[in-house]
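Please read the structure below before turning to the comments.
As the structure is a computational prediction, the values presented were derived from the model and not from experiment.
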Amino acid sequence: MARVLRVGGVPEHFNLPWRLAAGAGRFDQSGVPIEWREVAAGTGELNRQLGDGELDLALLLTEGAVADILSHDRSRIVKVWVASPLVWGIHVAAGSNFDDVRDIRDRRIAISRYGSGSHLIPIVDAAERGWHTRTMSFVVVNDIDGARDALATGRADVFFWERHMTQPLVDAAEFRRIGEREVPWPAFVVAARRDILESRGRELRTVLDIAAAEARKLKRRG
């Protein structure tokens, strides 16, 4: 049996096929076992673990994967995982004085990590609005719980995160959504370290095919 492939992704619904296939032993049966790791801190941390050799394969936001490749050239995109685009909610604390997206210009933005979607999408949003991007201010908060604390205590003013994941916080009147930003590219891709792609390309294809088959099965069920 081949050496275990370490695969990482965030603990969100779109990664369910990987968890189901791993739980059913499908990767083991193929002769290419995987170790599934959930990384709540998001794309920035996944890129770090991929680059540092802690992961072999990662499911990332497309913009984060591309930014890391351009900056470090240590991985390659091997598959589009979610072809539809994400819609990002633009959130402030429920009690904030900001009522319009125009109010957040030059404000402090909570981000999970540099190079994460919560960092890159505000830059895209600002550029689309014709705002200067070089003077933007970011506050690293690690994850969504850190963002909740940062907005509640006033350490940050605004937080960009996928709207479905933040909907419970909006419904609970902890966050208030003052705008949205949809990006015109696939939401998630699978990236592999360059050395793994070169040395274990056939095994990568096997695990990608298994995960895709599980996703198709799940889609037919739904």
**Item:** side-chain contact (heavy atoms from CB on, under 4.5 Å) assessment of I144 paired with F159
**Value:** CA-CA 9 Å; I144 193 167; F159 180 55; 4.0 Å; yes

Between [X] and [Y], is there a shared hydrophobic cluster once you connect ILVMFWY residues whose side-chain heavy atoms come closer than 4.5 Å?
X    : Y    : answer
W81  : V39  : yes
L120 : F160 : no
M136 : W131 : yes
V78  : I69  : no
L151 : I90  : no

Please find the pair of heavy atoms, one from [X] and one from [Y], that lie closest to each other, and give the distance.
X    : Y    : result
N47  : A65  : ND2-N, 4.2 Å
V80  : V189 : CA-CG1, 4.1 Å
E214 : P17  : CG-O, 3.4 Å
G117 : P122 : O-CD, 3.7 Å
A94  : A173 : CB-O, 3.0 Å
L50  : L55  : CD1-O, 3.6 Å

**Request:** Test side-chain contact (heavy atoms from CB on, under 4.5 Å) on E63 and V124 and set out the steps.
**Result:** CA-CA 10 Å; E63 57 272 17; V124 171; over 6 Å; no

Over 12 foreign heavy atoms within 6.0 Å of [atom1], [X]:
X    : atom1 : value
D171 : CG    : yes
R102 : CZ    : no
R205 : CZ    : no

**Request:** For the pair D125 and E128, evaluate side-chain contact (heavy atoms from CB on, under 4.5 Å) and give the outcome as yes or no after the intermediate values.
**Result:** CA-CA 5 Å; D125 182 76; E128 286 291 315; 5.7 Å; no

Inter-residue atom distance [X].[atom1] - [Y].[atom2], 0.5 Å rounding:
X    : Y    : atom1 : atom2 : value
I210 : Q29  : CD1   : CD    : 8.5 Å
T166 : E174 : OG1   : CD    : 11.0 Å
N142 : I111 : CG    : CD1   : 10.0 Å
D157 : F98  : CG    : CZ    : 4.5 Å
I196 : S75  : CD1   : OG    : 12.0 Å
F14  : E162 : CZ    : CD    : 9.0 Å

I'd like to know if the side chain of [X] and the backbone of [Y] have a donor-acceptor N/O pair within less than 3.5 Å.
X    : Y    : answer
R19  : W36  : no
R176 : S96  : yes
T62  : P186 : yes
D143 : D145 : yes
R155 : R108 : no
R177 : R163 : yes
N15  : V10  : yes
S118 : S112 : yes
R200 : D56  : no

So [Y] and [X], do their side chains get closer than 4.5 Å, heavy atoms only?
X    : Y    : answer
R193 : R6   : yes
L59  : V7   : yes
D106 : T135 : yes
L60  : F188 : no
H13  : M165 : yes
F175 : R148 : yes
L57  : L5   : no
R194 : D73  : yes

**Request:** Apply side-chain contact (heavy atoms from CB on, under 4.5 Å) to I121 and L86, showing your working.
**Result:** CA-CA 11 Å; I121 298 302; L86 279 186; over 6 Å; no

**Asked** Do the rings of W18 and F27 sit parallel, tilted or perpendicular, given the 30° and 60° boundaries?
**Response**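 Ring orientation, 0 to 90° scale: parallel.
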
**Request:** Go through the steps to decide whether R48 and D68 satisfy the test salt bridge (Lys or Arg N to Asp or Glu O under 4.0 Å), and finish with yes or no.
**Result:** CA-CA 9 Å; R48 185 199 67 75; D68 188 74; over 6 Å; no

